[in-house]
Amino acid sequence: MENIYEAAFVKEMEKTTANMYRLGWDERNGGNISYRLDEQDVQKYLDTDRVIRTIPLGFDAEELAGCYFIVTGTGKYFKNVTEDPANNLGLFRISKSGKDAELLWGYEDGGRFTSELPAHLMSHIARMKADPENRVVMHSHPTNTLAMTYVHPLDDKSFTHTLWTMSTECIVVFPEGLGVLPWMLCGTNSIGEATAAKMNDHRLVVWAMHGIYGAGKSLDETFGLIETVEKAAQIYMLTAGLPQVNTITDENLVELAEYFKVDYRKDYLG
Ligand code: 2HA
Ligand code: ZN
């Protein structure tokens, strides 16, 4: 058995949470990450027959039965993951019934997965249908993205369009745009269902006055998606209220999308 502390998936979780903390996106226990792993990869480090604890999920995740995830813990701080991964992270398998998490490693102080697990697992289900390679769901509180939700209308089309015009690369990085949810109570199955519904055709979902969800193939790709949105939101917040004398036009956006051959949401223009 190899040492799990050396596993690429643990190292990547450490690196990603540390970066997100450093950027000021994940104060205190803000933010959470779930990363779907292959059984063969997990078996290099753990005996998958040795279940430490069974933790009820509180919702039905039967579509993910047998899937393995490494997930940040509830109440845990991104700031502390690198120095103590076994307390701040947990690795579990979804039981056959889809009703429980079978803990194989981590949450060593008796803890459990993030309170936002419904939104994570429901988003995994939605994104895996859109793209079976999807492995990561990431939630964070990036400052400018959050600020923007206080001063900008909250519909998918206008929010996306504004961000596309705030930086040339945006339409290339997230051509399908963003889904935007109004303020909702977090940690609930309802916000999970609403997030997953937007995840059917977006990899990014904004939670107004709270933060953002991203989904992708890898931690790097998903982090990069959120980072690009946050940069564009920063440009928006730096220029909002100033007389805007230049912009990226819809013609420019079409030119970009065609040159980089991305399938963009044409109905988000205009
Ligand atoms: O886990 O970010 O949305 C802390 C949060 C809740
Ligand atoms: Zn949050």
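Counting starts at 1 for both ligands and their atoms, in listed order. Remember, it's a predicted structure, so these values are computed and weren't measured experimentally.
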Exercise answer, ligand 1 polar atom pairs (N/O) under 3.5 angstrom:
{"residue": "ligand 1", "atom": "1 (O)", "partner": "Asn29", "partner atom": "O", "Å": "3.3"}
{"residue": "ligand 1", "atom": "1 (O)", "partner": "Asn32", "partner atom": "ND2", "Å": "2.9"}
{"residue": "ligand 1", "atom": "2 (O)", "partner": "Gly31", "partner atom": "N", "Å": "2.9"}
{"residue": "ligand 1", "atom": "2 (O)", "partner": "His139", "partner atom": "NE2", "Å": "3.3"}
{"residue": "ligand 1", "atom": "2 (O)", "partner": "His141", "partner atom": "NE2", "Å": "3.0"}
{"residue": "ligand 1", "atom": "3 (O)", "partner": "Glu116", "partner atom": "OE2", "Å": "2.5"}
{"residue": "ligand 1", "atom": "3 (O)", "partner": "His139", "partner atom": "NE2", "Å": "3.3"}
{"residue": "ligand 1", "atom": "3 (O)", "partner": "His210", "partner atom": "NE2", "Å": "3.0"}

Exercise. If you look only at pairs with a residue in residues 50-81, which of them pass as a ring-ring contact (aromatic ring centres under 6.0 Å, His included), with sequence neighbours excluded?
Worked result: Phe69-His124
Exercise. Do you know how many protein N, O or S atoms are within a distance smaller than 2.8 Å of the Zn ion (ligand 2)?
Worked result: 3
Exercise. Would you call Asp109 and Lys76 a salt bridge, taking side-chain N to carboxylate O under 4.0 Å as the test?
Worked result: yes
Exercise. In a check of side chain to side chain donor-acceptor pair (under 3.5 Å) between Thr249 and each of Thr247, Asn246, Asn252, which one passes?
Worked result: Asn252
For this session: Check the pair Phe223 / Trp25 against ring pair (Phe, Tyr, Trp, His ring centres under 6.0 Å), numbers first and verdict last.
Result: CA-CA 11 Å; Phe223 176 85; Trp25 299 355; 5.4 Å; yes
Exercise. So Tyr5 and Trp105, would you call those rings parallel, tilted or perpendicular, with 30° and 60° as cut-offs?
Worked result: perpendicular
For this session: Could you please spell out the steps behind the ring pair (Phe, Tyr, Trp, His ring centres under 6.0 Å) verdict for Tyr35 and Phe9?
Result: CA-CA 8 Å; Tyr35 181 9; Phe9 55 76; 7.2 Å; no
Exercise. Any ion pair linking Lys157 and Asp155 (charged N to carboxylate O, less than 4.0 Å)?
Worked result: no
Exercise. Is it true that Lys198 and Asp156 have a side-chain N and a carboxylate O under 4.0 angstrom from each other?
Worked result: yes
For this session: Linking directly or through intermediates, with side-chain heavy atoms under 4.5 Å: list the remaining ILVMFWY members grouped with Tyr213, chain and number order.
Result: Val137, Leu181, Met184, Ile191, Met199, Val205, Trp207
